[in-house]
Structure formats: C-alpha cells, structure tokens
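Only one structure is covered here, and it is reproduced in the block below.
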Amino acid sequence: MTDLALGGKAPADRDRILRYLQNYGVYLGVAVLLLLNIALTPHFLSAENFRTQAVQVAPVLIVALGMALAIGSEGVDLSVGSVMALSTSLLSLYLGYGTWIALIVAIIGGAAIGIANGSLIAFIGVQPIVATLALMVAGRGLALVLLPQLKDVRDPTMASLGSGAVLGIPYLVLIAAALALLVAFVVRRTTFGRQLLAIGDSRPAARLAGLPVRRVLILVYVCSGALAAIAGVLATARLTASDPTSLGNLMELSAITAVVVGGTPLSGGRVRIGGTVAGAVLIQLLTATLIKHDLPPSWTQIAQAVVIILAVYAARERGKR
C-alpha cells in the first residue's frame, strides 16, 4: 500500500511541477536573469540601461503578439521578419508623399502579406508553416526589389517616434504596451477572440458549430502581418535607416520563442498575452546578458533554441497527463 501511494505521489508531484513551470516558469526565468544581472553586470540598475532594454524589446513584443494569435489558431507565421523588411522598404519609398501616408502604406503592405497567408491557409488548405514559409521568401525578395540597399531615413516625425518619450517613457515602449493591452482585450473580451480560440482548439468542431473559420483565419494573419509591419516601422524609426537586407532577420525565431515560453501551446486553443510579454522580456534579457558578458551573438541563438526545447517539452509532458 505504501509503495503504491509513493508511486502515485511521484507522478502527481512531477505533473504539478511541470504545470507550475508552464504557467509561471517564464516569470521565474525573468526574475532569475534580473537577479543574476544585478549581481554580476556592472551598471545594470541604471535608468539608461532599463530604457535601452525596453526600447529593444518593443519590436520583438509587437511581432510576438501577432505570432501568439497565429499559434493560438493552431498555426504559425514564419513571414514576420520579411514583413518587417517589406515595411521598411515601403516606408522609405513613400516618405516623399508624407510621413503618415508612408506609415499607412507600410502597414497595409504587412496586412496584404497577411491576407495572402490567410487565403492560402483558409481557402486552399495549405499548411500554415508552408504558406508562411513561401511568403517569408517572397516578402524578403520583394523588399529587396523595392529597396536594394540601406537608405537613411531623414524625417523629423520618424526621428521623434524613434527617440521621443513621454514622462521619460519612450514612444516605442508606450506603443508596444498599448498594443499588448489591445490584443489581450481582443482575445479575452471579443467574439473574434473566442472564435479564434475555438478554431485553434478544434477546427472541424468550429466548422460544425457554424463559426466563420475562413474569415477568422484570414483576420488572424492580417493582424500578424500588420503588427509585424508596425514593428518594422518602429525599428526603422529607432535606427533612422531602412535596411531590408538585415531588418527582421530571425525575428520569427524570437517571436515563437517568446510565445511558446510564455505558455501558449503550439497545439492552439489558448493565447497567453501576459506570458508572451514576459517571454519577450526574457529573450531580451538573455540576449543582453550574453552580450554584456562578451559572449558571441551565436550563443544567443543557441540559448533561444534550448529555451524553446525546454518549453515544448514541459507542454508535451503536461499534455500526456
């Protein structure tokens, strides 16, 4: 009897630990990295350092919000980095017509890529990873056709957007925070959000229930494309240059890492915006920690891969129980 009790207790304890790690592990990781940096990294607690970290994480977070919607619908969007590149090309080309026109065109360009992704998935039945992979290649190619090389962005409004602040909080951070709140509201409080989660949980059941599956899927990828375009615009404003060759490179890796580590399962049916925010902060802190301690950038990619594997393993083990 004792052996049986002990045998049943061990799996239960393991399941409890895995559940805790999936729900709160990202916050624990952020706390650990903060404590390590406070103890080991010189000048980490300076206001300028926190401002720099917040500005750098803003584009990653914005892209990750769109990625969370795609993954929540049991999909993925590999084209987000290319959408960022396309947005910076369009922005540079249309600045001569006015800043706001250029901004609108850049965001519309990202939404158009989203429409293409969503249409391939919803109407033709192409797997999300294949459809968005095709647009990842095509989007980057189109961006380079429009703007083959780096170009300085000399525009007062863009310069203000990239470096301005309100009460010491950079515009980029305020925009990222506002978008996170907006996406959280959409997921939790709107019909579209509930339909998205139902489709991610079971697409056949959603169809049988009469949900507009195709329309919702297209809107999901339009949102992802538009958010990636906004991130590209903000990154361009911060850098004061359009560089479609490198802007957004491997951004899909960072976004997927933030979403998965934040607790959104790859199987869909659930979106954790708070966890996604914490996941983006975790990725930025991890990158900054490695750089500040003179480790090569390649170690950041290895570390992200390890984090993804651990997060997926925890979700898989929990799903077995």
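We use all heavy atoms of the structure for the numbers below, so side chains are in, but hydrogens, waters and symmetry mates are not.
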Does a donor on one side chain sit under 3.5 Å from an acceptor on the other, for [X] and [Y]?
| X | Y | answer |
| --- | --- | --- |
| Ser79 | Asn117 | yes |
| Ser246 | Asp243 | yes |
| Thr236 | Thr88 | yes |

Is the side chain of [X] donor-acceptor paired with the backbone N or O of [Y] at a distance under 3.5 Å, no angle test?
| X | Y | answer |
| --- | --- | --- |
| Ser82 | Gly139 | no |
| Ser46 | His43 | yes |
| Asn37 | Leu33 | yes |
| Ser87 | Met84 | yes |

Heavy-atom side-chain proximity of [X] to [Y] below 4.5 angstrom:
| X | Y | value |
| --- | --- | --- |
| Arg194 | Thr191 | yes |
| Val187 | Leu69 | yes |
| Pro170 | Val173 | yes |
| Leu95 | Ile101 | no |
| Gln195 | Pro212 | yes |
| Pro128 | Ile121 | yes |
| Tyr221 | Ile115 | no |
| Leu135 | Leu120 | yes |

Can you tell which of Ile62, Leu61, Val55, Val57 makes a side chain to side chain contact (heavy atoms under 4.5 Å, CB included) with Leu172?
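Considering Ile62, Leu61, Val55, Val57, a side chain to side chain contact (heavy atoms under 4.5 Å, CB included) with Leu172 is found only for Val55.
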
List in chain and number order the residues that pass ring-ring contact (aromatic ring centres under 6.0 Å, His included) with Tyr94, two or more places apart in sequence or in another chain; answer none if no residue qualifies.
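Tyr94 satisfies ring-ring contact (aromatic ring centres under 6.0 Å, His included) with Tyr97 once adjacent residues are dropped.
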
Set out, in order, the CA-CA distance, both residues' side-chain angles and the distance that settles side chain to side chain contact (heavy atoms under 4.5 Å, CB included) for Thr132 and Glu252, then state yes or no.
CA-CA 11 Å; Thr132 59; Glu252 57 278 353; over 6 Å; no

Hey, could you give me the [atom1]/[atom2] distance between [X] and [Y], rounded to the nearest 0.5 Å?
| X | Y | atom1 | atom2 | result |
| --- | --- | --- | --- | --- |
| Leu285 | Gln56 | CG | CD | 10.5 Å |
| Leu174 | Tyr171 | CG | OH | 8.5 Å |
| Leu196 | Arg270 | CG | CZ | 14.5 Å |
| Arg238 | Met158 | CZ | CE | 12.0 Å |
| Ile175 | Leu182 | CD1 | CG | 13.0 Å |
| Leu78 | Ser224 | CG | OG | 10.0 Å |

Please say yes or no: joined through hydrophobic side-chain contacts below 4.5 Å, possibly via intermediate residues, are [X] and [Y] part of one cluster?
| X | Y | value |
| --- | --- | --- |
| Val63 | Leu266 | yes |
| Val80 | Leu91 | no |
| Leu250 | Val60 | no |
| Val213 | Val186 | yes |
| Ile108 | Leu103 | no |

Ile129 atom CD1: more than 12 heavy-atom contacts under 6.0 Å
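Check fails, neighbour count at 12 or below.
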
Would you please test Val83 and Leu227 for side chain to side chain contact (heavy atoms under 4.5 Å, CB included) and show each step?
CA-CA 9 Å; Val83 170; Leu227 286 167; over 6 Å; no

Determine whether Leu217 and Ser73 satisfy the following criterion, side chain to side chain contact (heavy atoms under 4.5 Å, CB included), listing intermediate values before the conclusion.
CA-CA 7 Å; Leu217 287 176; Ser73 68; 4.1 Å; yes

Can you name the closest pair of heavy atoms from [X] and [Y] and give their distance?
| X | Y | result |
| --- | --- | --- |
| Ala226 | Ile107 | CB-CG2, 4.2 Å |
| Tyr27 | Gly275 | OH-N, 3.4 Å |
| Thr264 | Arg272 | OG1-N, 3.0 Å |
| Ser242 | Leu147 | CB-CD2, 3.6 Å |
| Leu211 | Ala198 | CD1-CB, 3.7 Å |
| Phe50 | Phe44 | CE1-O, 3.7 Å |

Pairs where residues 138-158 contributes a residue and the test salt bridge (Lys or Arg N to Asp or Glu O under 4.0 Å) is met, not counting sequence neighbours:
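Listed once each, the pairs are Asp152-Arg154.
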
Side chain to side chain contact (heavy atoms under 4.5 Å, CB included) evaluation trace for Glu74 with Ile199
CA-CA 8 Å; Glu74 199 182 9; Ile199 291 168; over 6 Å; no

